[in-house]
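Heads up: numbering here begins at 1 and tracks the sequence. As the structure is a prediction and not an experimental result, all values here were calculated from the model.
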Amino acid sequence: MFQVKPILFVILAASIAGLWKIFEKAGEKGWKALIPIYNYYIWLKIIKRPWWWIFIFLIPGVGFMLVMVASSITGTAFQKKKDWEMILSGLFFFVYLPYFGWSKEKFLLPIPDKTKKVKPSATHEWMEAIVFAVIAATIIRTFLIEAYTIPTPSEEKTLMVGDYLFVSKASYGARIPITPIAFPFAHSTLVGNMNSYLEWLELPYMRLPGYTRVQRHDAVVFNFPEGDTVCSNMDNPSYYALCRLYGKQAITSNQPIRTMAGVQYPGSIIVRPLDRAENYIKRCVAIAGDTLLVRHAQLYINGKKDPLPEESQLKYLVTTRGQPLDPSIYTKLDITDDRDSGFREPDTYIYALNLTKSSVEKLHSYMNVVSVEPYLQDSGAGDPKNIFPFSPHYTWNVDNFGPLWIPKEGVTVKLDTGNLPLYRRIITAFEHNTLDVKGATIYINGAPATSYTFKMNYYFMMGDNRHNSVDSRFWGFVPDDHVVGRASFIWMSLKQNVPFLKKFRIKRFFTFVNRDGLSTSYFIPGLLIIIIALLYFYFKSKRNESKGLSKTGK
């Protein structure tokens with residue numbers, strides 16, 4: 001939803017008023033400051049900067065930074081040439097532009113003499129380099145690729161904790177920033193709970209064309225669908241999960257609640273814009289229009305068995321007799337989560353472990369291992385407070401879930417109080433309608449409704465580590481406007497809590513993330529070597545050029 005705070009109008013009016021007078025001082029007509037885009041062209045013309053900067057001005061977020069740069073350059077025409085003066089005139093452009101324009105100071109931008117090359121100060125060079133590096137990096141991470149780190153084991157063993165990967169935003173089409181005025185490279189917060197973005201301007205959801213669409217088995221990065229409202233002191237469980245478990249009154253009044261982590265206070269309630277919700281990464285197992293079913297941990301899509309990725313994991317009960325498992329087995333089989341969750345009976349040891357298919361086969365070969373059986377929940381044993389759609393009419397669980405149809409744009413479904421829990425959050429939070437239920441009658445936007453037509457496509461996400469993943473089974477559908485990008489390749493992978501020399505998972509370096517696992521490519525490291533070599537020679541030539549100037553420039 002498009003939102004503009006009044007303060008933005010004040011800033012805009014002050015800036016235009018300042019530019020009007022600055023244009024007149026520079027010999028241009030003041031009214032040109034009122035014409036969008038053309039005013040950028042005139043501004044760049046009088047400060048003698050390339051006209052193509054106009055395109056950067058038009059990029060949400062990045063354009064705001066360039067306004068500060070242009071204001072800083074304008075300040076030099078009014079003799080504000082000291083480093084601290086340039087910084088202030090850039091940061092507070094909405095104050096300095098009116099001051100420059102309406103004060104008695106004259107516009108004195110010098111015409112550069114191409115016969116004389118004067119080397120700028122080192123501080124000025126560094127400032128200029130940093131500013132344009134930030135602008136270039138922001139454009140790349142907003143519209144092309146962005147770096148992410150895998151923080152949880154929900155995708156083990158396909159994507160592992162400590163994997164550093166690049167996510168392609170161009171694949172599905174880069175999303176225009178909804179909160180474009182923000183601190184570079186920060187997601188939602190800075191120090192403490194301070195927002196990294198300004199709420200003066202919120203743009204509507206817009207996406208550039210992509211070269212593909214979300215497909216089954218893609219590893220997708222998306223904004224957490226329940227992340228629009230959070231508790232400042234608790235990241236997990238989510239605000240909505242806490243309300244379901246402990247009641248909304250206990251959460252909103254910040255009463256102490258007892259969780260697995262002990263007694264905690266939820267803290268203040270924070271509402272975040274869509275693009276500032278936390279980023280999650282899961283595998284898309286069902287796209288819009290699919291029907292999903294899970295029976296005894298086997299996933300079915302449209303009635304057909306959906307194969308698990310080769311390195312996916314399920315929880316197994318491993319039983320040994322006589323002796324416990326040798327601790328070295330954990331290292332040999334790379335068992336990294338729930339490794340100490342076993343319990344003991346007389347002469348028998350039982351462990352609940354998350355294992356891949358290959359690990360299960362290897363465990364069977366050990367002499368003291370009696371059995372390795374899947375640890376599954378029975379059908380109908382679901383907890384409505386924990387499992388989507390949070391209704392006693394649906395007793396689903398992680399191993400027995402559905403059937404569930406995935407909503408598709410333009411499709412109309414019949415609506416009643418029985419299936420309303422499936423679509424309530426779509427109708428209200430994601431597609432911004434009001435909804436009321438009076439008896440057996442459903443009201444949408446104040447009118448009785450017996451059906452609903454979806455405005456977006458939706459997806460169902462699951463982790464490859466099926467029994468250690470908080471995914472769509474726990475919070476429902478992922479809307480199309482929440483999709484950030486597709487996981488492309490891992491450029492580095494580090495083990496956690498091990499000595500430095502053992503940290504590196506060399507085999508995972510420069511591997512592509514595919515729909516069925518990972519594949520190695522030598523193209524990426526080769527390309528990186530070429531880029532590094534080009535950068536080295538470029539900066540070497542610039543350094544030599546600078547040395548030449550320092551010898552000849554007076």
Side-chain angles (χ1 to χ4, degrees), residues 137 140-141 145-168 185-187 189 219-221 235-236 261 278-283 309-315 318 325-342 351-360 362-363 463-470 484-514 516-533 535-536:
I140 291 171
R141 73 189 296 266
I145 59 172
E146 185 172 0
Y148 287 86
T149 308
I150 301 297
T152 66
S154 67
E155 289 296 305
E156 302 267 0
K157 297 294 185 191
T158 307
L159 298 175
M160 304 179 69
V161 174
D163 279 349
Y164 292 79
L165 68 157
F166 284 117
V167 171
S168 169
F185 313 128
H187 185 61
T189 57
V220 180
V221 173
D235 294 329
N236 190 28
E278 290 302 313
N279 290 318
Y280 274 36
I281 183 169
K282 305 288 180 187
R283 192 174 297 280
E310 189 65 29
E311 294 300 313
S312 63
Q313 295 189 146
L314 292 176
K315 181 163 287 186
V318 181
L325 283 176
D326 187 335
S328 64
I329 291 176
Y330 295 125
T331 302
K332 290 177 182 178
L333 301 184
D334 196 20
I335 300 173
T336 54
D337 59 331
D338 287 353
R339 53 184 289 177
D340 296 318
S341 58
Y351 302 84
L353 302 175
N354 288 311
L355 303 170
T356 62
K357 292 178 183 178
S358 61
S359 295
V360 171
K362 291 176 183 177
L363 276 172
D464 289 350
N465 198 353
R466 291 292 164 85
H467 286 130
N468 195 12
S469 171
V470 180
V484 175
R486 180 173 60 86
S488 295
F489 69 93
I490 300 167
W491 61 276
M492 183 172 67
S493 183
L494 302 178
K495 295 180 181 178
Q496 308 297 302
N497 304 317
V498 298
F500 177 77
L501 294 178
K502 297 182 179 180
K503 274 186 173 293
F504 301 96
R505 301 188 186 105
I506 300 297
K507 291 183 179 180
R508 298 180 68 82
F509 280 38
F510 304 113
T511 53
F512 281 94
V513 181
N514 298 324
D516 56 354
L518 303 178
S519 64
T520 304
S521 171
Y522 296 102
F523 171 76
I524 299 298
L527 181 63
L528 288 176
I529 291 172
I530 293 172
I531 292 173
I532 292 170
L535 289 173
Y536 169 77

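- Shown here are the side chain to side chain contact (heavy atoms under 4.5 Å, CB included) partners of Ile145, two or more places apart in sequence or in another chain: Ile140, Phe166.
- To the nearest 0.5 Å, the span separating CG on Leu165 from OG1 on Thr149 amounts to 7.5 Å.
- Note: Ser493 OG to Lys503 NZ = 10.5 Å, rounded to the nearest 0.5 Å.
- Listed by chain and residue number, Tyr172, Val214, Asp218, Phe222, Cys284, Met461, Val483 satisfy the side chain to side chain contact (heavy atoms under 4.5 Å, CB included) test with Val220 (two or more places apart in sequence, or in another chain).
- Ser312 is linked by a side-chain hydrogen bond (donor to acceptor under 3.5 Å, both in side chains) to nothing, counting only residues two or more places apart in sequence or in another chain.
- With rounding to the nearest 0.5 Å, the separation of OH in Tyr164 from CD1 in Ile490 is 12.5 Å.
- Formation of a donor-acceptor pair under 3.5 Å by the Asp163 side chain with backbone atoms of Ile150 is not found in this model.
- The minimum heavy-atom distance linking Leu159 with Arg508 is given by the pair CA-NH2, 3.7 Å.
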* Asked: Can Tyr280 and Val470 be said to form a side-chain contact (heavy atoms from CB on, under 4.5 Å), step by step?
  -> CA-CA 10 Å; Tyr280 274 36; Val470 180; 5.6 Å; no
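- In this structure, the side chain of Gln496 engages the main chain of Leu494 through a donor-acceptor pair within 3.5 Å.
- Between the CD atom in Glu311 and the NZ atom in Lys357 there is a gap of 10.5 Å [rounded to 0.5 Å].
- Here CD of Glu156 is found 11.5 Å from CD1 of Ile335. Values are rounded to the nearest 0.5 Å.
- For the atom pair CG of Asn468 and CD of Glu155, the computed distance is 11.0 Å after rounding to the nearest 0.5 Å.
- Looking at residues two or more places apart in sequence or on another chain, you find no ring-ring contact (aromatic ring centres under 6.0 Å, His included) involving Phe185.
- Between Thr158 and Pro309, the closest heavy-atom pair is OG1-CB, 4.3 Å.
- Between Asn514 and Arg283, the shortest heavy-atom distance links the atoms O-NH1, 3.6 Å.
- Partners of Arg486 according to the salt bridge (Lys or Arg N to Asp or Glu O under 4.0 Å) rule, which considers only residues two or more places apart in sequence or in another chain, do not exist here.
- Among all heavy-atom pairs drawn from Ile281 and Ala487, the shortest one is CD1-CB, 3.8 Å.
- Here Arg466 pairs with nothing under the side-chain hydrogen bond (donor to acceptor under 3.5 Å, both in side chains) rule; sequence neighbours left out.
- Residues satisfying the side-chain hydrogen bond (donor to acceptor under 3.5 Å, both in side chains) criterion with Glu146, sequence neighbours excluded, are Arg141, Tyr148, Lys169.
- Taking the side chain to side chain contact (heavy atoms under 4.5 Å, CB included) definition, one finds that Lys495 meets it with Val498, Arg505, sequence neighbours left out.
- Across all non-hydrogen atoms, the minimal contact from Lys362 to Leu333 is CD-CD2, 3.5 Å.
- Remark: Val360 engages Tyr316, Leu355, His364, Val372 in a side chain to side chain contact (heavy atoms under 4.5 Å, CB included) (not counting sequence neighbours).
- For Ser358, the side-chain hydrogen bond (donor to acceptor under 3.5 Å, both in side chains) partners are Thr356, not counting sequence neighbours.
- When side chains are defined from C-beta on, Asn279 counts as touching His187, because their heavy atoms get closer than 4.5 Å.
- In this structure, Lys157 contributes its side chain and Asp334 its backbone to a donor-acceptor pair below 3.5 Å.
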